[in-house]
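Below is one structure, written out as structure tokens; comments come after it.
All of these numbers come straight from a predicted model, not from anything done at the bench. Naming convention: chains lettered A, B, ... in sequence-line order (proteins, then strands); numbering from 1 in each chain.
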2 protein chains.
Amino acid sequence: MNAKVTIHDVARLSGVSIKTVSRVLNREPNVKADTRDRVQEAVASLNYRPNISARSLAGSKAYLIGVFFDNPSPAYVTDVQLGAIGRCRTEGYHLIVEPLDSAGDVEEQVAPMLATLRMDGVILTPPVCDDARVLAVLDAEGVPYVRLSPDKDLDRSAYVRMDDVAAAYEMTAHLIKLGHKDIAFIKGHPDHGAAHLRYDGYAKAMAEHGLAVRDDRVAQGYFSFRSGFEAAEVLLAGEDRPTAIFASNDDMALGVMAVANRLRLNVPETLSVAGFDDTPGAKVVWPQLTTVRQPIQAMAAAAADLLLSGAARVDEGSSPPSRLLDFDLVVRESTGPAV
Amino acid sequence: MNAKVTIHDVARLSGVSIKTVSRVLNREPNVKADTRDRVQEAVASLNYRPNISARSLAGSKAYLIGVFFDNPSPAYVTDVQLGAIGRCRTEGYHLIVEPLDSAGDVEEQVAPMLATLRMDGVILTPPVCDDARVLAVLDAEGVPYVRLSPDKDLDRSAYVRMDDVAAAYEMTAHLIKLGHKDIAFIKGHPDHGAAHLRYDGYAKAMAEHGLAVRDDRVAQGYFSFRSGFEAAEVLLAGEDRPTAIFASNDDMALGVMAVANRLRLNVPETLSVAGFDDTPGAKVVWPQLTTVRQPIQAMAAAAADLLLSGAARVDEGSSPPSRLLDFDLVVRESTGPAV
DNA sequence: GGTCGCCTTGACAAGGTTGTCATGGCCTGT
DNA sequence: ACAGGCCATGACAACCTTGTCAAGGCGACC
């Protein structure tokens, strides 16, 4: 384990100039196959690894991809990291994570880090992906970025998202197919774009199946357990109850389950409950929650791919690329036939 | 936002040599207060940020701290990152996250990354912190590291951990104070060091309060929801039931709650349930879980501190430093007076 | 008054890689 | 046989900062 093997050592051993070694390493053309092999042999035998600092100082790339987030669910962050790493590692890139505090002075947090690190690209998760201040700094520094599930300003940059409308539609259709006609819905936080899309999917499915959406069957939630709990208390009060509740995320669905449990309503015999997101909590309640799984890892991998392939770079004129990924309807035990 | 402000620009503007600017930036001594001010003014007005690549190429530091993990709970990973960042950011360090696949060839994953990145230190989370192969590579490369809650080989490196024995002791004492005498315990995964420590704390508390630990009141679990569920099915079968169950992590405690729920045993009226770890799931069940909170963020911050302060560097002879942090007993609704 | 030593500063090299440009060999077309 | 062009390769500068060492200024001490 000699601490410092440099490109010069490799060049000496394989009898070529350092530039040729560089060419081999970077898979540049114009190297004889014979020479290439000799260099690669030397690299292997010396266990040589190019020094990333020198590399990024000399060249343009930093071999770093940033992941910015601000306090979303831990499971989400972890999945994003895993998905992004998968794509990055094969190309010698590394992931730098930067929690942001949107409540504070984000420019002050982002600008210096961008200037110092000169990352090759950044992946933005909600809610940071809709923070105009962050986007402005990135644009100013000329750092390409991809947004995950962005809400507004879709033309502004490359992005990756899931089809929330279709997913909510399918979940609603699933409930309808089980015989439910009286399906309540708990909306998500109004500031969150996905909240509206999910409601749209629900409303569309109801309409297309000839079912009415009663006003008193739609409750406002805020994506939190507590808000789901409170919404359910209202929805389930009295005798005139819906036979199913579709909460537009899992935390709220768990709130619904807690209320049902308290009221001694059997799930799914008396009440079907559906969630959205497939958080870890969904498998940890009993009965386990029927929900929609976002392909977070795949989305992050797609984002990394857009960055590494260079597709995310803003070209004047052409609109930035985007990817729309498939979701999974995860049917577990919390939904069943209507009574 | 001029893309490239270098140290030369600052030097020119403030009328000193680049070396003096460097001295000011690195808070080196031997700069007149007057000069220092002038330089800082120039830095501010040009909005200059030193280039990290050049910096680490010229100097010895890379300004990067690695965080290695292998598939622990997302909440844990996120907390570690937040805790570490807090300490790193003020000193201009950044966090590089590297998920490892312990099942595969870890050397192949770690060695190249260490050689290319030359990080200044690494934080290891369980179970990676007990992987001899990873430690060997780190030692060979001479990269200082701090382990979080390590299990074995405590003298080998700097580490930070929580007092699991004391925490389990206090939780048990809490139940005893509520009047419980027949307290069951669900053990954790036998390969996980904390599992034994937690059991020891429970056993010690029982013994010191003159309570017997019946063999059939101790069940083997594996830290998973399912294993907790199955253990509870056995513990709660029949009429001769314990009045409280202390599961040595939250996932298992949630399994216990699910069984209690199914058997229509009211928590906490008929059965008290206690967990350990304060995972997000603990607040999402009803009633909310009484548990022990590990100060993960504080532990990660302490680890970062050991690294940045240089204390983690292995000195010949002297044993590596360690920190033992306090825990919090989080009393919620799942524990109550004994019947 | 001279010497010593400390504080402050600057000139220059070093650090490892990539980019630019030049060089020489070989092939192609005439 | 020769001009022109392409391929393979190398020499050297550039990237930006820190480390080393030397030098100048100034006060203190003998």
Side-chain angles (χ1 to χ4, degrees), chain A residues 2-40 42-43 46-64 92-93 112 114-118 120, chain B residues 2-40 42-43 46-64 91-93 112 114-120:
Chain A
N2 204 333
K4 300 172 182 184
V5 185
T6 76
I7 199 171
H8 289 96
D9 301 319
V10 178
R12 205 174 312 126
L13 181 61
S14 47
V16 299
S17 78
I18 54 166
K19 178 63 206 181
T20 302
V21 177
S22 170
R23 272 187 274 257
V24 172
L25 292 171
N26 295 296
R27 293 190 192 78
E28 286 174 29
N30 306 337
V31 181
K32 240 194 295 186
D34 177 32
T35 314
R36 192 177 291 271
D37 291 347
R38 203 145 31 90
V39 171
Q40 273 163 343
V43 167
L46 289 173
N47 198 25
Y48 165 74
R49 311 287 172 187
N51 178 311
I52 205 171
S53 300
R55 213 176 190 183
S56 66
L57 180 60
S60 38
K61 301 181 227 166
Y63 295 91
L64 291 176
Y93 282 72
L114 249 33
T116 335
L117 246 34
R118 318 256 151 120
D120 305 299
Chain B
N2 204 332
K4 300 172 182 185
V5 185
T6 76
I7 198 171
H8 289 96
D9 301 320
V10 179
R12 203 173 315 125
L13 181 60
S14 47
V16 299
S17 79
I18 54 168
K19 177 62 206 181
T20 301
V21 178
S22 170
R23 271 186 274 257
V24 172
L25 292 171
N26 296 296
R27 294 193 191 78
E28 285 173 30
N30 306 338
V31 180
K32 240 194 294 185
D34 177 31
T35 315
R36 193 177 291 272
D37 291 346
R38 200 146 31 89
V39 170
Q40 273 163 343
V43 166
L46 289 173
N47 198 23
Y48 164 75
R49 311 288 172 188
N51 178 311
I52 204 171
S53 299
R55 212 174 189 183
S56 65
L57 181 61
S60 39
K61 301 182 228 165
Y63 295 92
L64 291 177
E91 314 239 351
Y93 281 71
L114 249 32
T116 1
L117 247 34
R118 317 255 152 117
M119 315 184 207
D120 305 299

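- Using a 4.0 Å heavy-atom cutoff across all strands shown, B/Y63 reaches no nucleic acid atom at all.
- Both A/A54 and A/N30 sit near DNA chain D, but only A/N30 has its closest nucleotide nearer the 5' end.
- When heavy atoms are screened at a 4.0 angstrom cut-off, B/K19 is found touching base atoms of the nucleic acid.
- Within 4.0 Å (heavy atoms only), B/N51 reaches sugar-phosphate atoms of the nucleic acid but no base atom.
- Minimum interatomic distance between A/A42 and A/S14 (heavy atoms only, all atoms of both residues): CB-CB, 3.9 Å.
- B/L57 contributes atom CG, which lies 10.0 Å from atom CG of B/N51 (distance to the nearest 0.5 angstrom).
- Atom pair B/E28:CD and C/dT8:P shows a separation of 13 Å (rounding to whole Å applied).
- Each of B/R38 and A/T6 was matched to the nucleotide of DNA chain C holding its nearest heavy atom; the match closer to the 5' end belongs to B/R38.
- Here the shortest heavy-atom pairing between B/I52 and B/A62 reads CD1-O, 3.9 Å.
- Taking all atoms of both residues into account, the shortest heavy-atom contact from B/E28 to B/R36 is O-NH2, 2.9 Å.
- Residue A/R55 has a polar side-chain atom (N or O) positioned under 4.0 Å from OP1 or OP2 of C/dT18.
- We find that CD1 of A/I18 is positioned 12 Å from P of C/dG19, with the value rounded to whole Å.
- Among the protein residues, A/T35 comes within range of the sugar-phosphate backbone only, with heavy atoms under 4.0 Å from sugar or phosphate atoms but none that close to a base.
- Here A/I52 lies out of heavy-atom contact (under 4.0 Å) with every strand.
- Put simply, the side chain of B/R55 reaches to within 4.5 Å of the side chain of B/N26, judged on heavy atoms.
- Regarding B/R23, its CZ atom lies at a distance of 11 Å from the C1' atom of C/dC7, rounded to whole Å.
- Along DNA chain D, the stretch of nucleotides lying under 4.0 Å from any heavy atom of chain A spans, 5' to 3', D/dA8 to D/dC16.
- The side chain of B/T20 places an N or O atom within less than 4.0 Å of a non-bridging phosphate oxygen (OP1 or OP2) of C/dG10.
- One distance of note links CD of A/Q40 with OG1 of A/T35; it measures 11.0 Å at 0.5 Å rounding.
- Nucleotide C/dT20 holds its P atom 13 Å from the CG atom of A/N26, rounded to whole Å.
- Under the side-chain contact (heavy atoms from CB on, under 4.5 Å) criterion, B/K61 pairs with B/Y63, B/Y93, B/D120, sequence neighbours left out.
- Atom CG of A/L57 is separated from atom C1' of C/dT18 by 10 Å (rounded to the nearest Å).
- Distance, B/R118 CZ to C/dG15 C1': 11 Å, rounded to whole Å.
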